[in-house]
Amino acid sequence: MPEKSRKILVSNALPYANGSIHMGHLVEYLQGNIWIRFQKLRGHQCTYICASDVHGTPVMLKAREMGLSPEDLTERVTAEFLRDFSDFGIEFDNYYTTHSPENEVLVGEIFETLRASGDIYTKTIEQAYDVQESMFLPDRFVRGTCPRCGTSDQYGDACENCGATYTPADLIDPISVLSGSTPVKRDSEHYFFRLSRYEQRLRDWMQSANLEKSVVAKLEEWFEAGLQDWDISRDAPYFGFRIPGTNDKYFYVWLDAPVGYAASFKNLCARRDDLDFDEYWRPGHETELYHFIGKDIMYFHTLFWPAVLQGAGFRTPTSVFAHGFLTVNGQKMSKSRGTFIKARTYLDHLHPAHLRYYYAAKLGPTIEDLDLNLDDFAARVNSDLVGKLVNIASRCAGFINKRFDGQLAAELHAPEMQARFAGAADAIADYYERREYSRAMRTVMALADEANRYIDEQKPWVMARDEQQLDTVQAVCTQGINLFRCLMIYLTPVIPGVAEDARSFLQEQDWHWDAAGTPLLGTTISPFRPLLTRVEPEQVRNMVEQSKQS
RNA sequence: GGUGAUGUAGCUCAGUUGGUCAGAGCGGCGGACUCAUAACCCGCAGGUCGGUGGUUCAAUUCCACCCAUCACCA
């Protein structure tokens, strides 16, 4: 059923530019990328944006440590990000940086609008200050003894041992992580956003956004606790945008980071005639806006961000899609166990399609965590992708190529079966749309089982010995190839590279989602070459070994 | 500590608005086949559905508490 063409803008969360992309990040980018590829395959105008999140204290300090400017550091890191993304098949329509002129203008505009409507006020707060380094210290940069349980060397915001939360001022014997000196308390004037004013509007937005149940539960919890105003400023020195009208105040990184979505899009609009900024970012248009995020940053995306957008006269997101965290072999990623696996390390040993499929096979729309079990990974990928799916083509192509010069039959052998495969398109599309990737994968693999069973029952290898039955052999194998083709189209969003090779093997120019409804008959196909190889245990072992060392 | 989510066969996960709901895939075991990247096909497997109480004629599915894991506490 052809849908009306939609105009959709999608973002992934902006990776923070002080480290490398790892397997945990990839859950998010692959989830978003699969959705985008699906929408594009369906013929919708779908724009995919992202950027490096470059502001804030950690980047500033890391650059200082490396003897670089923050700009140079984040440029280097971004170049690395882009190579990793690209090699995993994650291609953005625009990948930008939050340290851009567009972003500075937008943040300034938003701030002025909010201030004009009375949503911004200043208040003096007391904060830890490192006299030796001449700077205010974020909570994470103060360590000391937990005032409740007495555990030493705890961060300034919470105790890892007893879970208590507090402020750095509560710590016993606090020290600055930067200089080792004892921080002093010092007053500073900060800018606050009146989030408390937005409760009703946020509740309304929450209703319209159709958020996942568990996300709503979390939001309800926050509403219950009462919305607190948000401190949106930081003191110099800070890498960020200076607040207009001040000399030493900067916007907190979490204010300008989400605005970076809009800025990245604005940057893209400048070179694309078919995209209009206002159509996607001002109220009153039919466009859709979605953010894929991790469950750890829901607060920013479901409270601050929609509130800021509303207050500043922008449209709010159509919805926000939150996902869970990655564990490896059932535990948090760990360097010593070799399970802190960087994207690049993975690519040194394994094919991106393996991971793309494995994540898809386990991803749903909820904020539940996802486990990358390395043994299961190899077994699942080998069985599903190689043993079931690619096998269908592999076992049929030989006959077509050797016995019929690569020519497919003019008619299908089992049209009712073909109709069932084609008929699954709507259900599978619905699963993709709702981000029920695991259900989509299960559906596809159940069909792959059927296809293998069909070939097994027909036994073309037996018929091939009898000249009289050659037509049937051709028809059966043509049928098998078409079942394979149908499933490959369904999997295009997940394993685009493999799908492309399959398409070229079938000598087709282009695939649209609806192509699954029209069988390929009478044409010629190329010699079959393995579309994907198995995951060898040794590759996984080597990857883990390398992760321990880096 | 508070709050939210999760806890089902060796592994990864479905499922139940309470009563054929104890399931799938993988692994394992047995068999068959040889077209296929030792792939594919057929059959078998019996896990107190995290623990303890409670509600009910009946709970894995509802409630309470506890334990474990993940996250958040701005």
Side-chain angles (χ1 to χ4, degrees), chain A residues 139 146 148-149 157-159 161-166 192-193 195-196 212-222 224-232 252 254 294-300 302-304 322-327 329-332 358 361-364 366-400 402-403 436 438-439 441-442 445-446 448-465 473 476-477 480 484 528-536:
Chain A
D139 293 354
C146 170
R148 193 167 76 189
C149 72
D157 50 359
C159 174
N161 180 49
C162 73
T165 56
Y166 39 73
F192 286 79
F193 171 62
L195 185 68
S196 50
E212 280 300 313
K213 266 214 309 269
S214 47
V215 176
V216 171
K218 199 71 193 169
L219 273 169
E220 287 293 356
E221 180 196 334
W222 287 325
E224 197 112 339
L227 299 184
Q228 305 280 302
D229 291 341
W230 184 31
D231 183 351
I232 57 164
Y252 177 39
W254 263 113
K295 65 178 176 179
D296 54 327
I297 56 175
M298 271 161 44
Y299 201 91
F300 297 101
T302 57
L303 293 178
F304 295 143
H323 60 79
F325 269 58
L326 181 77
T327 54
N329 292 338
Q331 296 180 291
K332 262 193 220 190
Y358 188 71
K362 301 187 80 167
L363 265 171
T366 69
I367 59 174
E368 270 184 63
D369 290 347
L370 183 157
D371 186 46
L372 166 59
N373 179 297
L374 293 170
D375 292 334
D376 181 55
F377 165 74
R380 185 83 182 259
V381 164
N382 288 343
S383 171
D384 286 2
L385 248 28
V386 182
K388 292 180 180 180
L389 182 76
V390 171
N391 186 236
I392 303 168
S394 176
R395 64 196 305 196
C396 292
F399 292 107
I400 297 289
K402 285 175 201 148
R403 309 296 287 266
E436 303 254 24
S438 62
R439 287 178 197 279
M441 295 308 103
R442 277 206 304 277
M445 286 310 148
D449 284 342
E450 272 192 60
N452 276 307
R453 219 172 291 139
Y454 161 79
I455 296 163
D456 219 73
E457 284 162 5
Q458 297 303 321
K459 303 193 186 345
W461 57 92
V462 174
M463 291 189 280
R465 296 170 201 148
V473 171
V476 165
C477 292
F484 165 76
F528 181 81
R529 277 173 307 178
L531 293 165
L532 198 61
T533 53
R534 311 169 68 77
V535 173
E536 299 299 337

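Quick note on labels: first sequence line is chain A, next is B, and so on, each numbered from 1.
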Residue closer to the 5' end of RNA chain B, A/Asn382 versus A/Thr533 (nearest nucleotide): A/Thr533
Would you mind telling me which residue lines up with the more 5' stretch of RNA chain B, A/Asp456 or A/Asp231, judged by nearest nucleotide? A/Asp456
Base, sugar-phosphate alone, or nothing: which one does [X] contact when heavy atoms must sit under 4.0 Å apart?
X	value
A/Pro530	base
A/Arg453	sugar-phosphate
A/Asp371	sugar-phosphate
A/Leu531	base

side-chain contact (heavy atoms from CB on, under 4.5 Å) with [X]: which residues, sequence neighbours excluded?
X	result
A/Arg529	none
A/Tyr454	A/His413, A/Ala414, A/Met417, A/Gln458, A/Val476, A/Gln479, A/Leu483
A/Asp375	A/Asn373

Which dot-bracket string fits RNA chain B when only Watson-Crick or G-U wobble pairs with both atom distances under 3.5 Å count, crossing pairs get [ ], and | stands for a partner on a different strand? (((((((..((((.....[...)))).((((.........)))).....(((((..]....)))))))))))).
Sequence neighbours excluded, the answer for ring pair (Phe, Tyr, Trp, His ring centres under 6.0 Å) partners of A/Phe193 is A/Tyr198
Residues in salt bridge (charged side-chain N to carboxylate O under 4.0 Å, His left out) with [X], at least two apart?
X	answer
A/Asp371	none
A/Glu536	none
A/Asp229	none
A/Arg439	A/Glu436

Can you name the side chain to side chain donor-acceptor pair (under 3.5 Å) partners of A/Gln228, sequence neighbours left out? none
Side-chain N or O of [X] versus OP1/OP2 of [N]: is the shortest distance under 4.0 Å?
X	N	value
A/Arg439	B/G15	yes
A/Arg529	B/U37	no
A/Asn391	B/C40	no

If a protein heavy atom is under 4.0 Å from the base, mark B; if only from the sugar-phosphate, S; if neither, -; do that for nucleotides 65-72 of chain B going 5' to 3'. -----BBB
In B/S/- notation (B base, S sugar-phosphate only, - none; protein heavy atoms under 4.0 Å), nucleotides 22-32 of chain B written 5' to 3' is ---SS------
Between B/G18 and B/C13, how far apart are the C1' atoms? Round to whole Å, please. 23 Å
Could you tell me how far B/C40 sits from B/G50 if I compare only their P atoms? Round to whole Å. 32 Å
Taking the six-membered ring for Trp, are A/Phe300 and A/Trp254 parallel (under 30°), tilted (30 to 60°) or perpendicular (over 60°)? parallel
Salt-bridge test for A/Arg453 and A/Glu450: reply yes if a basic N is under 4.0 Å from a carboxylate O, no otherwise. no
